[in-house]
Amino acid sequence: MNPRQHESHQDLLAHFDTEDVSGAAMDAIIVPTARPAPYLRQAIAAAKEHDAFLLFLCSKLSTISGAILEAKSAGVGALAIDTDLLNPGLVPEFATDQVVRFTRFRRQTDTSFKRNLGLLIAVLAGWKRILFLDDDIELPNPADLGVAAGLLGEYPVVGLANAGMPDNSVVCHAIRDAGRKQDTFIGGGALAVGKRPSVRSSPTSTTKTGSSFWTA
């Protein structure tokens, strides 16, 4: 393995099992969605269980009407925004935006714009604990979100462990397919975000079974 590619970054994370953490309320669940409304059912169920505000950031195959009707049929109130209709300058640009913008490596997805928009809305709304949940993520136990919210009192971000398809870059998938070891890392697909805590403990890990969370 060359110096720029590591097979794991687990030592940068603290690991917890749900049974070891006290839960807390999640203020809002934000879903950057580009798929049809049925893909939103996981997020809707989680919002209903936790009585959390539900925000859909829609584009492409996801429509605000479809998203709202899906939530309404489940008895859940929600707000949906068509991000294709927003002024691109609504979210401030970052220096990193320019790195690959005019190259063939530029990604055509709008997920990063939606997540930055979600953070902006959270600040304006005064939300203390939010969850970003992609529309292709399944939650075996939505109650785990309360545990993730509880960890936000100590850590600024909490990522749910991905036990499904390894969420890696193309390079990491290639390394794994070639028979080399390649671990995954937390991502934005199921990521709880809170205000920066005033106290943060040193990273720890557990060996108990059950649902787990990664924090950084």
Side-chain angles (χ1 to χ4, degrees), residues 6 8-33 42-43 46-47 49-50 52-57 91-92 94-97 107 109-169 172 183-206 208 210-216:
H6 300 275
S8 178
H9 293 88
Q10 294 299 316
D11 58 332
L12 300 177
L13 304 173
H15 299 255
F16 295 88
D17 290 316
T18 55
E19 59 189 44
D20 299 326
V21 183
S22 298
M26 189 73 73
D27 294 324
I29 296 176
I30 301 175
V31 186
T33 176
Q42 285 280 323
E49 179 168 336
H50 291 274
F53 190 91
L54 187 56
L55 174 62
F56 299 124
L57 301 178
V91 175
F94 301 95
T96 51
D97 293 341
R107 297 190 66 188
T109 59
D110 57 2
T111 309
S112 59
F113 171 80
K114 291 175 180 176
R115 288 175 181 160
N116 286 331
L117 176 62
L119 289 174
L120 179 60
I121 293 173
V123 171
L124 295 175
W127 295 332
K128 308 298 183 183
R129 299 179 177 90
I130 64 172
L131 174 75
F132 284 110
L133 187 65
D134 283 358
D135 56 16
D136 60 347
I137 296 292
E138 294 186 7
L139 298 173
N141 185 9
D144 291 346
L145 302 188
V147 180
L151 284 168
L152 289 175
E154 186 176 358
Y155 294 89
V157 294
V158 179
L160 279 68
N162 183 359
M165 186 193 77
D167 189 9
N168 283 126
S169 67
C172 292
D183 205 352
T184 59
F185 197 69
I186 59 173
L191 188 71
V193 181
K195 295 185 65 176
R196 182 171 296 277
S198 56
V199 177
R200 174 177 172 179
S201 65
S202 58
T204 60
S205 63
T206 63
K208 297 179 180 179
S211 299
S212 60
F213 297 89
W214 295 342
T215 61

| Between CG on residue L117 and OG on residue S112, distance to nearest 0.5 Å | 11.0 Å
| message | Enumerate the side-chain hydrogen bond (donor to acceptor under 3.5 Å, both in side chains) contacts for residues 117-130, please, sequence neighbours excluded, ordered by first and then second residue. | response | none
| request: Grab the two heavy atoms, one from G194 and one from L152, that are nearest each other, plus how far apart they are. | output: N-CD2, 3.6 Å
| What's the shortest heavy-atom distance between I30 and P32, and which atoms? | O-CD, 3.5 Å
| Separation of H50 NE2 from L145 CG (nearest 0.5 Å) | 4.0 Å
| field | Residues that D134 engages under salt bridge (Lys or Arg N to Asp or Glu O under 4.0 Å), provided they are two or more places apart | value | R115
| message | Looking at every heavy atom in both I29 and A47, which two are closest together, and how far apart are they? | response | CD1-N, 3.6 Å
| task | State, yes or no, whether a side-chain contact exists between D144 and L139 at a heavy-atom distance under 4.5 Å. | result | no
| Does I130 reach the side chain of L119, with side-chain heavy atoms less than 4.5 Å apart? | yes
| query | Of all heavy-atom pairs between Y155 and A14, which one has the smallest distance, and what is that distance? | reply | OH-CB, 3.6 Å
| If you round to the nearest 0.5 Å, how far is OG1 of T33 from CG of D136? | 9.0 Å
| said: Restricting to side-chain hydrogen bond (donor to acceptor under 3.5 Å, both in side chains), what partner residues turn up for N116, sequence neighbours left out? | reply: none
| task | Hey, could you give me the CG/OG1 distance between D135 and T111, rounded to the nearest 0.5 Å? | result | 8.5 Å
| said: The criterion is side chain to side chain contact (heavy atoms under 4.5 Å, CB included); which residues satisfy it with A190, sequence neighbours excluded? | reply: L133, I137, L160
| Nearest heavy-atom neighbours spanning A24 and A149 | O-CB, 3.5 Å
| message | For A25, give me all partners under side chain to side chain contact (heavy atoms under 4.5 Å, CB included), at least two apart in sequence or on another chain. | response | none
| remark: Here the pair of heavy atoms bringing L55 nearest to I121 is CD2-CD1, 3.8 Å
| field | salt bridge (Lys or Arg N to Asp or Glu O under 4.0 Å) against D97, all qualifying residues, sequence neighbours excluded | value | none
| Pairs involving residues 184-194, ordered by first then second residue, that meet salt bridge (charged side-chain N to carboxylate O under 4.0 Å, His left out) (sequence neighbours left out) | none
| query | F113: what forms a ring-ring contact (aromatic ring centres under 6.0 Å, His included) with it, not counting sequence neighbours? | reply | none
| task | Using the test side-chain hydrogen bond (donor to acceptor under 3.5 Å, both in side chains), find all partners of S8 that sit at least two apart in sequence or belong to another chain. | result | D183
